[in-house]
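Residue numbers start from 1 in every chain, and the chains themselves are labelled A, B, ... in the order their sequence lines are given, proteins ahead of strands.
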Amino acid sequence: MPLTIYNTLTRKKEEFKPLDENGKHVGVYVCGPTVYGDSHIGHAKSYVSFDIIIRYLRYLNYNVTYVQNITDVGHLLGETNEGEDRMLKQSRIEKKHPMEIAEYYTRSYFEDMDTLNVVRPDISPRATGHIIEQIEIVQTLIKKGFAYESNGSVYFDVSKFSEYGKLSNRTIEESETGTRVETRSEKKFPNDFALWKRAEPEHIMQWSSPWGKGFPGWHVECSAMSMKYLGETFDIHGGGMDNQFPHHECEIAQSECANGKPFVKYFLHNNLVTVNGQKMSKSLGNFTTLKDLFKKFDPIVLRFFILQSHYRSTLDFSEEAISSSAKGYEKLLNTVKKVREGLGLEGGGLGKEERKPQTTNHKPFEITNYKLQFMEAMNDDFNTPQVIAMLFDFSREVNTLLASGNVSKEQLQEIDLFFSEVGGNVLGIIPKENENKTTSILKEDKVMKVFIKLREKLKSEKLWLFSDLIRKELNDELNITLEDGKEGTTWKKK
RNA sequence: GGUGCCGUACCCAAGUGGUAAGGGAGAAGUCUGCAAAACUUUUAUGCGACGGUUCGAAUCCGCCCGGCACCUCCA
């Protein structure tokens, strides 16, 4: 089965075929954050989802250019001019220049994403760095008759673009009768959206334009930056479902009218995070920031938790749910650790010399079927929950194999490679081996061996009181767990 | 009012025509000095309700009930 992805434009799953005639290059644009606050778990779901998509495309050997913007121009909170610019609002609260706010929260965003093991975009263009490009698009749209100036602002004339509404499946007539707020008289039609806004003198973030001092409309930055770095038509545009309308609808309108070409081949939308069944969002204030969550949970557990549901499903957030995931994740990682101990790649056990793998009569171990399951699941619109289910099945079989003691080094290597490729490179939930093997850890390993040998002696003398005391103290004081197995004692740190 | 989405065990969550994945929790067992880990078995004659299509439906169609999202800034 070839890679199939759900395209919001057609509302069905389609086979993925890159625009590139050599079939090699793939251009991806994902709507980035507006940087006026710390990121929350909703951002994590969105960017982890697209991280998987990028990683998998690269796994399939596509040459991916991944662009994700940083929105650092403030956009109005309301429909009318009374609404305050969110960047400006935050800058007033923190008593800092808007650009300082943008810089601070951009860094905060990248920090959080790095912590979640999200691969950075190849290009992270800032909206404020592309004012000229945005103005050019607005000029083109005016020239072609798709936009009009009104009192220092420029609006897109929705009535000139018959396909407006094709992404979100709505017609202009429908939304006109809706519950819309009373709109400004500057517009010809209520649905017309701002390409450029006139700035009042107190508006700090403003630029010169052919229409006077102002600032760009929200939607036009994505059109300008995607065009600049990925071309007039590109492969994949992603974003949260809440951006489908009006944001992406307007992007399509601007870009297709300006260029006279299709904007995007595949539109992908991730679903949202809910809390008690309600959408988590900044405006509702029911969000938990990632920085707070990282204090309670291992960030990789969070990533694992997100990937246990499909990107197009909603994910209900609760600490209980994450705790459950954490236990499952730990189980999975235990297997990986044991495999690596067996390969002598990681401390924890007694070392390879004491746990020599047998060299004859290995149980046959078939990995091909798991690889197939992995590909099938990922090719079916990036079904990560199925991949994780497969990993648990795989892990059970590996544990059985390990328990039999009848395993060759080659088998362990093959298993480790599979874990590293699928769980590591593609899902990003299994850390690379030797990652923490610093000198202090090596030393710790040696100290633990002394404890284990001492305790072994006590155990052989049946001095259970003392051997249990060592185990208890290590656990209570240092969070180190000793596990007595058939082939000796192993230790692990929580 | 318009446009969509969802409802699967105690909890989370895949599956979208071929007889219910996976994780957590619970129960029993194997191993073991004990503990832990691991493994085995087990927990939905049923996928919101009712009809219909079909040899066959959680999956398709209709209707009803319940929840959510978008139509206004949001990932």
Using atom [atom1] of [X] as one end and atom [atom2] of [N] as the other, report the distance to the nearest whole Å.
| X | N | atom1 | atom2 | result |
| --- | --- | --- | --- | --- |
| A:His247 | B:rU72 | NE2 | C1' | 15 Å |
| A:Ile306 | B:rC12 | CD1 | C1' | 14 Å |
| A:Met241 | B:rC71 | CE | P | 13 Å |
| A:Glu249 | B:rC73 | CD | P | 14 Å |
| A:Phe305 | B:rG24 | CZ | P | 15 Å |

For a quick check of understanding: with a heavy-atom distance under 4.0 Å over all strands, which category does [X] fall into, base, sugar-phosphate or nothing?
| X | answer |
| --- | --- |
| A:Ser313 | sugar-phosphate |
| A:Val30 | nothing |
| A:Gly239 | sugar-phosphate |
| A:Phe50 | nothing |
| A:His269 | nothing |

Please check this pair: side chain of [X] against backbone of [Y], looking for a donor-acceptor N/O pair closer than 3.5 Å.
| X | Y | value |
| --- | --- | --- |
| A:Arg303 | A:Asn117 | yes |
| A:Asp122 | A:Tyr66 | yes |
| A:Gln90 | A:Gly37 | no |
| A:Thr289 | A:Phe287 | no |

Between [X] and [Y] (salt bridge meaning N to carboxylate O under 4.0 Å), is one present in this structure?
| X | Y | result |
| --- | --- | --- |
| A:Asp476 | A:Lys472 | yes |
| A:Arg198 | A:Glu186 | yes |
| A:Asp484 | A:Arg455 | yes |
| A:Glu341 | A:Lys338 | no |
| A:Glu111 | A:Lys291 | yes |

Residue list, side chain to side chain contact (heavy atoms under 4.5 Å, CB included) with A:Asp298, at least two apart or on another chain:
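Residues passing side chain to side chain contact (heavy atoms under 4.5 Å, CB included) with A:Asp298: A:Ile300, A:Val301.
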Without hydrogens or angle criteria, can the side chains of A:Glu483 and A:Thr489 be said to hold a donor-acceptor pair below 3.5 Å?
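Looking only at side-chain atoms, A:Thr489 and A:Glu483 do not form any donor-acceptor pair under 3.5 Å.
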Less than 3.5 Å apart, any donor N or O on the side chain of A:Lys492 or A:Asn334 sitting next to an acceptor on the other?
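Their side chains do contain a donor-acceptor pair, which is all the 3.5 Å distance test asks for.
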Can you check the distance between [N] and [M], where both ends of the measurement are the [atom1] atom (answer in whole Å)?
| N | M | atom1 | value |
| --- | --- | --- | --- |
| B:rU45 | B:rU40 | P | 24 Å |
| B:rU53 | B:rC61 | P | 15 Å |
| B:rA58 | B:rA20 | P | 9 Å |
| B:rA44 | B:rA9 | C1' | 5 Å |
| B:rC47 | B:rA57 | P | 12 Å |
| B:rG51 | B:rG46 | P | 14 Å |
| B:rG48 | B:rC65 | C1' | 8 Å |
| B:rC64 | B:rA14 | P | 28 Å |

Below 30° counts as parallel, above 60° as perpendicular, anything between as tilted: where do the rings of [X] and [Y] land?
| X | Y | value |
| --- | --- | --- |
| A:Phe419 | A:Phe394 | perpendicular |
| A:His248 | A:Phe267 | tilted |
| A:His40 | A:His43 | tilted |

Shortest side-chain distance from A:Gln278, nucleotide among B:rC70, B:rU3, B:rA69
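Nearest to the side chain of A:Gln278 among the choices is B:rA69.
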Check each residue of residues 317-329 of chain A for a non-hydrogen atom within less than 4.0 Å of any atom in RNA chain B, then write out the ones that pass by number, or none.
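Nucleic-acid contacts, sorted: A:Ser324, A:Lys327, A:Gly328.
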Check each residue of residues 107-121 of chain A for a non-hydrogen atom within less than 4.0 Å of any atom in RNA chain B, then write out the ones that pass by number, or none.
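Nucleic-acid contacts, sorted: none.
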With sugar-phosphate taken as primed atoms, P, OP1 and OP2 and all else as base, the protein-contact string of nucleotides 34-41 of chain B at under 4.0 Å (heavy atoms; B, S, -) is BBBSSSS-
Return the nucleotide paired to [N]: Watson-Crick means purine N1 to pyrimidine N3 with N6-O4 or O6-N4, wobble means G-U with N1-O2 and O6-N3, both under 3.5 Å.
| N | result |
| --- | --- |
| B:rC73 | none |
| B:rU32 | none |
| B:rG4 | B:rC68 |

Tell me, which pairs form a salt bridge (charged side-chain N to carboxylate O under 4.0 Å, His left out) where one or both residues lie in residues 305-329 of chain A, sequence neighbours left out?
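Every salt bridge (charged side-chain N to carboxylate O under 4.0 Å, His left out) pair that includes a residue of residues 305-329 of chain A, provided the two are not neighbours, is A:Lys296-A:Glu319, A:Arg312-A:Asp381.
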With sequence neighbours left out, what residues match A:Glu473 under salt bridge (charged side-chain N to carboxylate O under 4.0 Å, His left out)?
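Counting only residues at least two positions away or on another chain, A:Glu473 forms no salt bridge (charged side-chain N to carboxylate O under 4.0 Å, His left out).
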Under the salt bridge (charged side-chain N to carboxylate O under 4.0 Å, His left out) test, residues paired with A:Lys371 that sit two or more places apart
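Scan of A:Lys371 (salt bridge (charged side-chain N to carboxylate O under 4.0 Å, His left out), adjacent residues dropped) gives none.
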Below 4.0 Å: OP1/OP2 of [N] and any side-chain N or O of [X]:
| X | N | answer |
| --- | --- | --- |
| A:Asn383 | B:rA14 | no |
| A:Asn271 | B:rA69 | no |
| A:Ser309 | B:rC12 | no |

Would you tabulate the pairs of protein nitrogen or oxygen atoms and nucleotide nitrogen or oxygen atoms of nucleotides 64-66 of chain B closer than 3.5 angstrom?
none

Does A:Tyr36 form a ring pair (Phe, Tyr, Trp, His ring centres under 6.0 Å) with A:Tyr105? I'd like the steps, not just the answer.
CA-CA 6 Å; A:Tyr36 67 100; A:Tyr105 288 111; 7.8 Å; no
Mind listing the N/O atom pairs, protein and nucleotides 59-61 of chain B, below 3.5 Å?
none

Could you note down all residue pairs passing ring pair (Phe, Tyr, Trp, His ring centres under 6.0 Å) where residues 454-477 of chain A supplies at least one of them, sequence neighbours left out?
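The answer is none; no pair qualifies.
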Can you name the atoms? Protein N/O to nucleotides 18-21 of chain B N/O, anything below 3.5 Å, with the distance.
none

Does the separation of the ring centres of A:His237 and A:Tyr266 fall below 6.0 angstrom?
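No; A:Tyr266 has its ring centre 6.0 Å or more from that of A:His237.
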Separation of A:Leu293 CG from A:Phe305 CZ (nearest 0.5 Å):
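A:Phe305 CZ to A:Leu293 CG: 9.0 Å, rounded to 0.5 Å.
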Starting at CG of A:Asn406, measure out to CG of A:Leu401 and round the result to the nearest 0.5 Å.
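Result: 7.5 Å between the selected atoms.
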Is the NZ or CZ atom of A:Lys197 both under 6.0 Å from the centre of the six-membered ring of A:Tyr155 and within 45° of that ring's axis?
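The answer is no, since A:Lys197 fails at least one limit relative to A:Tyr155.
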Between A:Tyr6 and A:Ile41, just flag the one whose closest nucleotide in RNA chain B comes earlier from the 5' side.
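The residue mapped nearer the 5' terminus is A:Tyr6.
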Would you say the side chain of A:Arg86 and the base of B:rC73 hold a donor-acceptor pair, judged only by whether the two atoms sit under 3.5 Å apart?
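Result: at least one qualifying N/O pair found.
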Pairs: protein N or O with nucleotides 26-31 of chain B N or O, under 3.5 Å:
none

